[in-house]
Amino acid sequence: MKQIAKVIVDVPAMQTNRPYDYVIPLNLVQKLEIGMRVEVPFGSRSIQGFITEIVDDSNYDGELKEIVRPLDIEPVLTEELLQLGKDMADRIYSYQIYCYQTMLPTMLKAKYSKEFFLTDEIEEALWFDLFEGQDTLSWERALEKGVLPQLLDLKKREKVDLRYLVKNQVKSKKIKVYCSAMSWLQIEEELETLPKNASKQKELLHALQKIEDQWMTKKEFQEQFDLSAQTVQTGVNKRWLKEEEKEVYRDPLKNHHFSQTENKQLNDAQTEAFNQVKEAIENNEHHVFLLKGVTGSGKTEVYLQLIGDVLKKGKTALMLVPEIALTPQMVRHFKERFGNDVAVMHSGLSAGEKYDEWRKIKRGEAHVVVGARSSIFSPVENLGIVIIDEEHETTYKQEDNPRYHARNVAIYRGKYNQCPVILGSATPSLESRARAQKNVYKLLELPDRINAKAMPEVQIVDMREEFQENNRGNFSRVLQEKIQDRLQKKEQSVLLLNRRGYSSFIMCRDCGYVLECPNCDISMTFHMDTKGMKCHYCGHEKPVPKTCPKCAGHQFRYYGTGTQKIEKELNELFPEARIIRMDVDTTRKKGAHEKLLDAFGKGKADILLGTQMIAKGLDFPNITLVGVINADTSLNLPDFRSSEKTFQLLTQVSGRAGRADLVGEVIVQTFNPEHYAIEYAKHHNYDGFYRQEMVLRHHGGYPPYYFTTQITVSDADEKKAQVKIYEINAMIRKQMGEGTIVLGPSKSSIAKMNNRYYFQLLVKYKNEPRLHDVLTMILDQSQKDNAKGLYISIDTEPVNFF
DNA sequence: AGCACGCCGACT
DNA sequence: GTCGGCGTGCTC
């Protein structure tokens with residue numbers, strides 16, 4: 001019987017966000033499966049697609065085309081992931097094709113190209129001129145040579161034609177391995193014929209007799225039998241050794257050795273939490289647990305033992321960690337417990353390494369996946385538990401299309417697989433904590449640090465007083481004293497620079513002019529390393545102006561506290577101190593992050609100065625002082641979550657001090673010492689903060705009391721974007737019910753980015769069954785606008801407000 | 001997203 | 001009268 005494949009094609013548009021039917025050619029009938037990538041003709045092109053279904057007949061009126069070829073031998077998406085992608089696209093107003101592509105390593109994304117080829121005889125001179133003696137000519141090359149019009153003309157006269165190519169990028173790493181090419185007897189004969197003084201070669205032959213048909217690399221050969229590279233090469237040249245290519249995984253951790261660790265004894269609270277989740281595992285029940293444990297309360301050990309439990313049942317485990325917390329230290333915990341059964345996925349891996357880790361998971365060679373946001377899509381089967389550590393982190397929400405939240409995907413997969421989901425945090429998001437309050441999630445608490453150590457003492461320093469006392473620097477006198485004290489005691493200090501929502505800029509001293517990016521509507525950032533100005537949004541760079549563009553003044557004042565500036569100040573205050581600076585600039589290179597932390601851990605520096613990235617996963621015993629240089633830059637952002645984020649950050653860094661037998665101390669410098677987020681952080685009082693913040697959210701009508709959806713319109717023409725947002729605004733307001741609040745429309749706070757103008761609208765609602773249809777309709781109708789360069793984007797539950 | 005088809009202005 | 005601009009709609 002004729003088989004039809006339903007295919008989601010690689011065309012990201014609302015009109016093509018549905019399966020297209022294709023005939024499966026006879027020779028592929030048994031070979032194609034759902035979840036495979038295929039090449040299909042689409043219009044006049046040839047593109048990639050995903051088979052989502054295989055059926056017997058089609059409703060399509062026209063003539064069906066055939067699938068050209070499969071791009072995989074095995075499916076790359078499981079049935080679960082296919083379903084997930086479909087549901088997800090609908091919920092977050094994205095396209096299925098975007099969702100599927102996000103689920104896969106970039107290596108599995110097809111590359112497209114097109115080339116000209118001859119269909120008829122043309123003049124030899126002309127052919128040579130155009131095709132340079134080749135059969136085909138790529139579109140790019142034709143463009144480069146400026147012969148595109150000529151070729152298009154030939155195409156019109158049917159002398160040449162265009163061919164569309166879909167290139168599969170998949171490349172496996174291969175290494176050469178060697179094996180003896182001779183039998184024992186042959187080797188004996190060979191030994192006879194060798195001259196007496198060929199002692200090394202004799203050694204090699206004896207070695208060959210020992211290994212029989214075992215394959216190994218040259219290097220392994222050398223090491224095992226203590227031979228030189230030259231000797232082995234002689235063996236290869238004399239054909240004593242045969243050569244073969246073997247596919248290997250790129251192993252980013254090959255130079256690391258992990259010793260096995262055993263389960264640690266759990267304390268009462270840990271045991272209680274463990275048992276509750278274990279029960280869900282045993283009964284194959286889906287529950288969401290909110291594991292609230294202060295820093296150092298041993299959440300990780302609970303995770304490890306639960307994963308161990310899941311593995312014993314023959315199932316798999318998914319563990320999500322924020323990208324910046326995915327440090328070698330963190331990974332080590334898992335590798336030490338589960339060895340090679342762990343696959344690690346993070347942004348530091350090359351495309352090839354990511355693909356290999358992905359394949360290990362896909363083939364069931366790794367049953368535990370530890371990774372950042374996108375690892376939630378790992379192709380694991382038989383899922384037994386999903387853990388999201390630091391669940392409050394906003395990095396779990398992807399900021400561009402598809403705008404998914406890993407936490408929601410986790411819960412989806414937990415339901416699908418009937419397994420528990422654990423959301424862990426010392427400072428849960430208000431949303432999650434509120435759900436636990438309503439018993440939607442089960443609350444599990446680890447209230448104490450494992451070693452029964454008290455939380456560090458937090459001292460708040462009022463920087464306004466420092467200013468009045470004429471201390472204009474970034475270090476209060478108290479903090480200076482404490483740092484000096486640690487230097488003497490040979491203990492380590494960590495200094496955090498809160499850079500959220502913050503940038504350094506320059507201002508004219510005469511007229512107050514601030515240098516702005518010509519493409520975007522924000523001030524440009526001054527960079528110490530290049531001594532130039534840079535725009536954070538579009539990357540535009542220019543030198544610091546000599547004179548003010550507005551008033552021609554010569555004097556500029558440099559504002560802001562970049563890490564480099566603080567480091568300089570620190571150097572002047574403590575010339576003898578050894579400082580490690582950690583920020584985007586010093587950690588850009590691969591492995592730099594690890595190196596710096598490692599150096600600090602080994603005591604090669606006295607002070608670690610850094611941005612947000614040092615707030616997590618730092619676990620060194622010798623740190624007894626944590627200083628927060630500017631607690632409140634994140635407090636005054638136009639974002640209803642600014643207090644929550646500040647509280648989380650302060651609590652997070654406080655946990656870094658004094659974990660071992662040394663007492664920790666925390667100094668928080670601020671201009672708002674009486675702010676409740678800072679007050680509650682000082683007392684390590686999450687519950688107090690939660691209650692107060694909930695009251696404010698209730699008054700303001702914000703999550704978790706309301707759901708939010710943001711609609712953004714952008715266009716190169718400000719007027720067009722504005723007209724469109726008002727149009728949408730009118731439509732939404734007409735359709736929405738009583739309890740729904742629509743804020744805006746308004747200009748985005750960064751109204752212009754990359755020469756595009758942004759307008760937005762925020763819908764706050766408790767129960768709005770029609771919203772989904774209205775928004776889907778708006779997207780359906782946006783096709784023409786899209787073609788003209790006007791974009792509409794819909795963000796459900798946005799986490800960052802511009 | 002591309003690409004073809006189709007309807008209007010500027011020109012050989 | 002034709003070339004080519006872009007606006008519109010379709011792609012199994």
Side-chain angles (χ1 to χ4, degrees), chain A residues 1-26 28-29 32 34 36-71 82 86 89 93-102 106 109-117 138-140 142-143 148-158 160-167 400-402 714-717 720 723-724 756 777 779-793:
Chain A
M1 199 195 289
K2 204 200 253 180
Q3 289 212 318
I4 310 294
K6 292 198 172 285
V7 175
I8 296 293
V9 294
D10 186 9
V11 179
M14 208 60 196
Q15 286 64 41
T16 50
N17 189 32
R18 60 186 177 82
Y20 284 79
D21 295 352
Y22 287 90
V23 173
I24 300 179
L26 278 177
L28 292 176
V29 164
L32 294 182
I34 65 164
M36 279 184 179
R37 295 175 307 147
V38 285
E39 181 179 331
V40 291
F42 196 68
S44 54
R45 295 178 291 158
S46 200
I47 57 174
Q48 188 200 60
F50 291 90
I51 303 182
T52 57
E53 245 183 295
I54 294 177
V55 292
D56 292 331
D57 56 350
S58 167
N59 291 325
Y60 185 59
D61 289 335
E63 187 138 342
L64 292 182
K65 291 182 179 176
E66 279 195 351
I67 284 176
V68 178
R69 64 178 174 127
L71 294 170
L82 285 170
K86 194 175 171 215
Y93 308 98
S94 186
Y95 309 125
Q96 287 181 62
I97 190 68
Y98 273 157
C99 296
Y100 292 145
Q101 266 161 3
T102 308
T106 40
K109 197 172 165 183
K111 282 217 167 135
Y112 299 108
S113 61
K114 42 189 174 181
E115 61 187 22
F116 291 100
F117 63 98
S138 74
W139 178 281
E140 283 73 29
L143 196 68
L148 205 49
Q150 263 186 80
L151 281 155
L152 289 172
D153 185 52
L154 283 168
K155 182 172 177 281
K156 210 172 269 171
R157 293 191 282 137
E158 298 187 328
V160 304
D161 203 354
L162 252 180
R163 181 155 47 207
Y164 295 84
L165 301 169
V166 179
K167 225 196 295 168
D400 39 47
N401 204 338
S714 72
D715 195 285
D717 182 339
K720 281 183 187 161
V723 167
K724 193 74 201 176
R756 295 182 63 82
M777 191 187 67
L779 275 192
D780 269 333
Q781 294 172 352
S782 69
Q783 179 205 1
K784 274 182 231 159
D785 298 321
N786 247 320
K788 285 184 222 157
L790 184 149
Y791 299 124
I792 299 171
S793 85

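The shown structure was predicted, so the numbers you read here are calculated from the model rather than taken from an experiment. Each chain gets a letter, A, B and so on, in the order the sequences are listed, and its residues count up from 1.
For Tyr20(A), the listed nucleotide lying nearest its side chain is dT11(C); candidates were dA1(B), dT11(C), dT8(C). Nearest to the side-chain atoms of Gln15(A) among the listed nucleotides dT11(C), dT8(C), dC12(C) stands dT11(C). Among the nucleotides dA1(B), dC3(B), dC12(C), the one closest to any side-chain atom of Ser44(A) is dC3(B). Which of dA4(B), dC3(B), dC12(C) sits closest to the side chain of Lys114(A) comes down to dC3(B).
Counting any heavy atom pair closer than 4.0 Å across all strands shown, Tyr22(A) reaches sugar-phosphate atoms only and no base atom. Nucleic acid contact for Lys6(A): none, since no nucleic acid atom lies under 4.0 Å from a heavy atom of the residue. Counting non-hydrogen atoms under 4.0 angstrom, Tyr164(A) reaches the backbone sugars and phosphates but no base. Residue-level contact check: Pro41(A) touches the backbone only, with heavy atoms under 4.0 Å from sugar-phosphate atoms and none from bases.
How far NZ of Lys788(A) is from CG of Asp717(A): 11.5 Å, rounded to the nearest 0.5 Å.
Rounded to a whole Å, the CG atom of Asp780(A) is 15 Å from the C1' atom of dG9(C). Going from atom CZ of Arg18(A) over to atom C1' of dC12(C) covers 8 Å, rounded to whole Å. With rounding to whole Å, Ile97(A) atom CD1 is found 18 Å from dT11(C) atom P. The NZ atom of Lys788(A) sits 17 Å away from the C1' atom of dA1(B) (whole-angstrom rounding). For the pair Tyr112(A) OH and dA1(B) C1', the computed distance is 10 Å after rounding to whole Å. We find that CZ of Phe42(A) is positioned 14 Å from C1' of dA4(B), with the value rounded to whole Å. Nucleotide dA1(B) holds its P atom 17 Å from the CD atom of Gln48(A), rounded to whole Å. Rounded to whole Å, atom P of dC3(B) lies 9 Å from atom NZ of Lys155(A).
Taking a 6.0 Å sphere around NZ of Lys109(A), one finds it holds 12 or fewer heavy atoms contributed by other residues, nucleotides or ligands.
Considering Leu32(A), Val29(A), Ile67(A), Asp57(A) as possible partners of Gln3(A), the one that fulfils the side-chain contact (heavy atoms from CB on, under 4.5 Å) test is Val29(A). Under the side-chain contact (heavy atoms from CB on, under 4.5 Å) rule, Pro402(A) has a single partner from Tyr98(A), Tyr93(A), Tyr95(A), Tyr100(A), which is Tyr98(A).
With respect to the salt-bridge test (charged N to carboxylate O, under 4.0 angstrom), the residues Asp56(A) and Lys2(A) do not qualify.
At dC12(C), one or more side-chain N or O atoms of Lys65(A) fall inside 4.0 Å of OP1 or OP2 (strictly under the cut-off).
The aromatic ring of Tyr60(A) sits over the base of dC12(C), with ring centres less than 5.5 Å apart and planes inclined by under 30°.
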